[in-house]
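Comments concern the structure below.
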Amino acid sequence: MFDSQRTYEAIRRFLLTIVNKDFLIFLAFLALSSMFWVILTLNETYERDIDVPLQMTNVPKNVVLTTPLDDTVRVTISDKGYMLLSYMYGDLIRPVTVNFASYANKQSGRGVVPTTDFYKLLYTQLYSTSKITSMKPERLEFYFNYGQSKRVPVKLAGRVDPGKSFYLARTQFWPDSVTIYADKDMIDSIEAAYTEELEIVNLQDTVIRDVSLQKLRAVKTVPEKVRIGLYPDVLIEESMEVPIVAVNMPEGRVLRTFPSRVRVHFTCGSRVFRQIRPSQFRVEVDYKDLAANPSEKCELRLRTYPHAVLKAWLALTHVDYLIEQQ
């Protein structure tokens, strides 16, 4: 029994020694082949997109950049793989600085940095073997003015659909107006700053959110974001009795209607119903219509009703009448 155990252990150690040697040799050859593959691969020529920071310097204090240069330019560079790796994972690429005075046109309030100028500035940071093949954006331009501004209200853009039996009772903005900077012609043409396109359906509860304002070329908006509040309300149908009023009556004559009051039906929000009064409605009979088109009944017209009312209609559109001589 003892000899058998010793024999088993000796055979096991021998086999493990052979396996370990073969495995180590395999790993060595694998690492060596991988290294050669990496070297050959990195020695090939590739194209890669590199993000290049862009900065503008020497901007006068009295100048407002209404549309600044992009802060990053994506450049496609062609070179050996190991060169591209140094751009991608090293700190070789520094911000490209553009002098404001070199490209600003004071008369037009616009500046353009030619692509060739940008390439020249960037090539000073690249290896001699590197080649720039393209860039995005393809055009580097900026707009500015000397402080001309205007205050405009904020307005909602997009679609807000309340849920069934609801309506949008109120929209509120914080702030409710913003300052825009642009040239005189542009400022004169802008009457409001609109939010980004909103798409809200089945609105039943109050919504409060931060939204960006639409960006216009050559226009700077301060602030660029606002907070919007959307307040829905439940629609209800109510009615009130309103006196009938005669207008354009000749002197010495009085118009009496039967009945003297008419019921007005209307829809409104449940929250504003308590603020509505019969005096806010006006139902009229125009004597001129009676004189031009005599009839047994006179026509009633609902001339005015409160702004909070979404829809209003008369229970009766024609009533009996009598013209009396005073």
Side-chain angles (χ1 to χ4, degrees), residues 31-148 180-183 185-186 196-197 212-225:
L32 188 62
S33 62
S34 298
M35 184 176 64
F36 278 113
W37 177 83
V38 170
I39 293 174
L40 292 174
T41 301
L42 292 179
N43 201 42
E44 296 290 332
T45 300
Y46 301 94
E47 286 190 351
R48 286 292 182 272
D49 291 336
I50 308 295
D51 289 335
V52 179
L54 183 61
Q55 295 178 350
M56 178 169 285
T57 59
N58 300 323
V59 179
K61 293 183 179 180
N62 63 335
V63 166
V64 177
L65 292 174
T66 55
T67 302
L69 286 172
D70 293 280
D71 56 6
T72 302
V73 179
R74 174 152 289 192
V75 178
T76 303
I77 299 177
S78 174
D79 205 340
K80 301 290 187 182
Y82 53 86
M83 297 294 191
L84 295 176
L85 284 177
S86 64
Y87 295 141
M88 297 169 64
Y89 301 106
D91 57 355
L92 295 178
I93 302 297
R94 301 181 304 277
V96 172
T97 57
V98 174
N99 189 355
F100 173 86
S102 300
Y103 303 101
N105 185 318
K106 296 181 180 180
Q107 282 68 38
S108 64
R110 176 173 173 264
V112 177
V113 181
T115 303
T116 53
D117 285 13
F118 176 78
Y119 282 2
K120 288 179 183 178
L121 294 171
L122 182 55
Y123 268 126
T124 60
Q125 304 184 39
L126 304 181
Y127 297 112
S128 58
T129 55
S130 298
K131 181 180 179 182
I132 303 173
T133 59
S134 66
M135 59 178 274
K136 292 181 180 179
E138 297 179 353
R139 188 179 186 85
L140 299 177
E141 61 181 354
F142 60 93
Y143 292 84
F144 63 94
N145 74 1
Y146 292 93
Q148 299 95 321
I180 60 171
Y181 296 85
D183 62 40
D185 292 338
M186 183 70 76
E196 61 186 3
E197 292 285 332
S212 298
L213 298 176
Q214 293 182 16
K215 293 184 178 180
L216 301 175
R217 190 179 69 170
V219 178
K220 180 178 182 177
T221 305
V222 180
E224 296 180 342
K225 288 186 175 182

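- Counting only distance, with no hydrogens or angles, the side chain of Y123 and the backbone of I132 share a donor-acceptor pair below 3.5 Å.
- Closest approach of T67 and L216 over heavy atoms only: OG1-O, 4.2 Å.
- Atom NZ of K80 sits about 14.0 Å away from atom OG of S86, to the nearest 0.5 Å.
- A distance of 4.5 Å separates CG of N99 from OG1 of T57, quoted to the nearest 0.5 Å.
- Residue Q125 holds its CD atom at 8.5 Å from CG of L92, rounded to the nearest 0.5 Å.
- To the nearest 0.5 Å, atoms CD1 (I93) and CG (L122) are separated by 5.5 Å.
- Under the 4.5 Å side-chain criterion, counting only non-hydrogen atoms from C-beta, L140 is in contact with L54.
- At a threshold of 4.5 Å between non-hydrogen side-chain atoms, the residues T115 and M135 count as touching.
- The backbone N or O of Y143 lies less than 3.5 Å from a partner atom in the side chain of T66, making a donor-acceptor pair.
- You'll find the ring centres of Y127 and Y87 inside the 6.0 Å limit.
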| field | Intermediate values then yes/no, side chain to side chain contact (heavy atoms under 4.5 Å, CB included), V59 and F144 | value | CA-CA 10 Å; V59 179; F144 63 94; over 6 Å; no
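- Judged purely by atom type and a 3.5 angstrom limit, T133 uses its side chain to pair as donor or acceptor with the backbone of T76.
- Between M88 and R48 the shortest heavy-atom distance is SD-CG, 4.0 Å.
- A distance-only check finds a donor-acceptor pair linking the side chain of N105 to the backbone of Q107 [under 3.5 Å].
- V98 has its side chain out of reach of F142: every pair of non-hydrogen atoms, C-beta onward, lies at least 4.5 Å apart.
- Across K106 and Y146, no two heavy atoms sit closer than the pair CG-OH, 3.4 Å.
- Across all non-hydrogen atoms, the minimal contact from A218 to A182 is O-CB, 3.5 Å.
- No side-chain heavy atom of S130 sits under 4.5 Å from any side-chain heavy atom of L84.
- A distance of 7.5 Å separates CG in D183 from CD in Q148, rounded to the nearest 0.5 Å.
- Counting heavy atoms from C-beta on, the side chains of F100 and L65 come closer than 4.5 Å.
- Panel note: side chain D70, backbone V73; no donor-acceptor pair is recorded below 3.5 Å.
- Atom CG of N62 has more than 12 neighbouring heavy atoms from other residues, nucleotides or ligands inside a 6.0 Å radius.
- In plain terms, the two heavy atoms of P114 and Y103 that are nearest each other are CD-CE2, 3.6 Å.
- One finds the CG atom of L126 at 5.0 Å from the CD1 atom of I77 (value rounded to the nearest 0.5 Å).
- In this structure, E224 places its CD atom where only 12 or fewer heavy-atom neighbours from other residues, nucleotides or ligands lie under 6.0 Å away.
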